[in-house]
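Notes follow once the structure below has been shown.
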2 protein chains.
Amino acid sequence: MNALRFAAQQLFAALCIALVVIAAAHAAEPLPCWNNGPNKQAIFKFVAEVTDKRSPNYVAPAERVATFDNDGTLWSEQPLYFQFPFMIEQVKAAAPEHPEWKDNPVFKALIAHDDAALAELGHKPLIELLVQANSGMTTEAYDKTIRDWLATTRHPQTKRLYTEMVYKPMQELLSYLRANGFKTFIVSGGSVEFMRPWSEAAYGIPPEQVIGTLSDVKFDMQDGHPVLIRESKIDFVDDGPGKPAGIYRAIGRRPVAAFGNSDGDLEMLQYTMAGSGKRLTVLVHHDDAEREFAYDRESKVGKLDKALDEARTKQWVVISMKNDWKCIYPDQTKK
Amino acid sequence: MNALRFAAQQLFAALCIALVVIAAAHAAEPLPCWNNGPNKQAIFKFVAEVTDKRSPNYVAPAERVATFDNDGTLWSEQPLYFQFPFMIEQVKAAAPEHPEWKDNPVFKALIAHDDAALAELGHKPLIELLVQANSGMTTEAYDKTIRDWLATTRHPQTKRLYTEMVYKPMQELLSYLRANGFKTFIVSGGSVEFMRPWSEAAYGIPPEQVIGTLSDVKFDMQDGHPVLIRESKIDFVDDGPGKPAGIYRAIGRRPVAAFGNSDGDLEMLQYTMAGSGKRLTVLVHHDDAEREFAYDRESKVGKLDKALDEARTKQWVVISMKNDWKCIYPDQTKK
């Protein structure tokens with residue numbers, strides 16, 4: 001009887017120790033959805049070096065700026081950048097008031113459901129139609145339109161809400177970088193208005209750290225109430241060579257780490273690497289047709305061609321979604 | 001002897017208690033350079049209300065955005081906005097390459113030393129000449145020009161470096177707000193490039209929280225090295241009605257507190273007050289000819305007329321530099 005009790009006590013103690021060890025291992029593992037391998041290790045090594053005061057590559061906390069593309073880097077972007085179905089809906093609704101659009105090639109592609117043509121044009125031409133469609137709207141009314149659309153519209157294939165199609169491993173990476181003193185920014189070709197309503201909840205990135213394509217707004221007094229009115233002009237295109245310019249305008253510091261997935265991110269990564277000291281540039285490679293989408297050089301959406309060549313030549317980190325990530329979307333970890 | 005020792009011990013204990021009380025009082029006094037009075041109390045009351053979870057006016061930390069004009073609100077601006085002598089120097093140096101300027105009224109005012117005319121025009125026309133003068137320069141070379149100028153040029157009257165002419169009471173206010181969970185931003189009509197090199201040291205405001213007038217920059221490769229090149233176009237004027245637009249573009253949230261000193265800040269203050277819940281809007285009134293400068297409705301630089309009327313009608317806080325501030329510049333507290 002005593003021997004049995006002793007054995008039970010021993011077992012209980014051993015279980016407690018095991019639990020503590022597991023908990024500690026878990027706490028020490030900041031990227032649980034990432035498979036171990038050279039890419040995960042490269043990220044750990046970079047962070048260890050720039051945060052170690054004794055390292056020659058030490059970077060002061062104020063300078064730890066990390067910039068992330070959004071479409072295809074933090075959330076999915078197939079079969080069409082997620083802002084596109086929203087914009088198409090808005091533009092179609094406004095079409096009766098814009099007979100001048102009938103010869104516009106972008107509008108024609110939109111009406112003809114020529115998604116490949118739209119994708120190839122990128123965000124700018126559609127945003128140009130959108131700002132005409134929504135000209136005169138207050139920024140508050142526009143914000144509500146976006147929130148309503150995001151709360152109710154589902155992805156045609158996965159049937160998820162678009163905001164449920166963010167990448168869990170990238171959420172972990174953002175948290176890990178912030179825990180190490182980094183300030184994380186989105187630098188996207190999409191409109192700031194389309195990302196800000198959900199960037200904080202999805203990524204922990206507040207609206208003021210979302211850099212994107214800008215359209216003009218004008219201050220006005222309506223019945224004695226100050227409002228901002230959307231104008232019909234696109235003001236700044238934050239894509240390709242626009243990304244380093246957008247970073248300079250909004251942040252005023254060069255990133256020490258930058259993350260992208262397409263040729264539209266190449267200049268941001270080049271600009272990041274051109275700084276002194278240790279830098280980290282990462283491409284997310286979409287090679288997982290089963291769990292997400294597989295595409296690169298031939299894709300109209302998120303084309304990855306030149307940037308992939310440069311990444312391989314310069315030994316940037318190229319993430320394989322298939323091999324490096326244990327899961328893709330947050331709801332897959334709950335199952 | 002024993003009685004003497006006892007008395008000495010008592011005295012020592014009393015001194016210790018007194019020191020602790022003084023230290024505690026000092027720690028509890030976040031705005032030491034502010035005289036006590038209704039304005040200081042209004043600031044304390046606002047902060048207490050929006051940070052108290054039980055208050056109906058509670059504001060979540062993420063929403064605690066406070067925006068500050070720079071010229072005349074955080075540092076002096078007389079006899080001419082401090083960016084002006086820098087720009088005048090740059091424009092004069094480039095004049096031989098710009099014969100087309102000879103009929104430009106801004107250039108003529110500049111050559112004629114007509115400071116009143118320049119001041120009345122505001123930042124925009126001079127920045128327009130400046131961007132032509134510096135077009136083709138890399139952003140890094142331009143940054144160095146600004147740093148060198150600020151490190152060596154002294155104010156014509158006070159003989160201080162310009163960056164020594166920041167307001168100590170406003171430094172205290174910025175720290176106090178940040179200690180209470182606020183994120184502090186500059187929203188200025190001046191160029192971002194001119195403020196970012198020193199905003200962190202002077203105000204604790206990092207470059208990415210400096211919003212200002214923007215000129216175009218273009219990404220380019222020079223001998224395989226990525227650079228940003230200044231273009232000859234001014235892109236966004238962050239003044240007057242441009243301030244709420246600049247806040248919307250860069251922050252994407254409405255401030256809960258805004259601080260200015262001139263009519264160029266009026267729309268920012270109106271926009272701030274138009275939000276729901278408790279808001280704080282403050283004007284710094286320059287009424288101290290002895291320690292700084294005294295000016296308002298008739299001044300070409302930092303004209304305060306309409307905004308002063310509105311502040312009085314709507315009971316915004318109007319700071320009297322003469323009565324509310326114990327000191328003006330940081331070096332005055334060291335004396």
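Computed from heavy atoms alone, side chains included, the values below leave out hydrogens, waters and symmetry copies. The sequence lines fix the lettering, A, B, ..., with proteins before strands; numbering per chain opens at 1.
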Task: Proximal to chain B - members of residues 124-145 of chain A, heavy-atom separation under 4.5 Å - done: Thr139(A), Glu140(A)
Open item on the list: A quick test of your reading: do over 12 heavy atoms of other residues, nucleotides or ligands sit less than 6.0 Å from NZ of Lys303(B)?
Closed with: no
Task: Distance in Å, Glu267(A) CD paired with Asp220(B) CG, rounded so as to fall on 0.5 Å steps - done: 11.0 Å
Check: residues 230-247 of chain A side-chain donor-acceptor pairs under 3.5 Å, at least two apart:
residue, atom, partner, partner atom, Å
Arg230(A), NH1, Glu193(A), OE2, 3.2
Lys233(A), NZ, Asp216(A), OD2, 3.1
Asp235(A), OD2, Arg249(B), NH1, 3.2
Asp235(A), OD2, Arg249(B), NH2, 2.9
Asp238(A), OD2, Ser188(A), N, 3.2
Lys243(A), NZ, Asp69(A), OD1, 2.9
Lys243(A), NZ, Val187(A), O, 2.9
Lys243(A), NZ, Asp265(A), OD1, 2.7

Open item on the list: If you count every heavy atom of other residues, nucleotides or ligands that lies below 6.0 Å from Lys278(A) atom NZ, does the total exceed 12?
Closed with: yes
Open item on the list: Just to verify, what does Ala274(B) make a side chain to side chain contact (heavy atoms under 4.5 Å, CB included) with, not counting sequence neighbours?
Closed with: His225(A), Pro226(A), Arg254(B)
Task: Selection from Val65(B), Leu214(B), Val227(B) maximising heavy-atom pairs under 4.5 Å formed with chain A - done: Leu214(B)
- [ ] Could you have a look at Pro206(B), Gly252(B), Pro207(B), Ala250(B) and say which one has the most heavy-atom pairs with chain A under 4.5 angstrom?
- [x] Pro207(B)
Task: Heavy-atom contact with chain A under 4.5 Å, split by part of Met221(B) - done: side chain
Task: ring-ring contact (aromatic ring centres under 6.0 Å, His included) partners of residues 245-275 of chain B, not counting sequence neighbours, each pair once - done: Phe68(B)-Phe259(B)
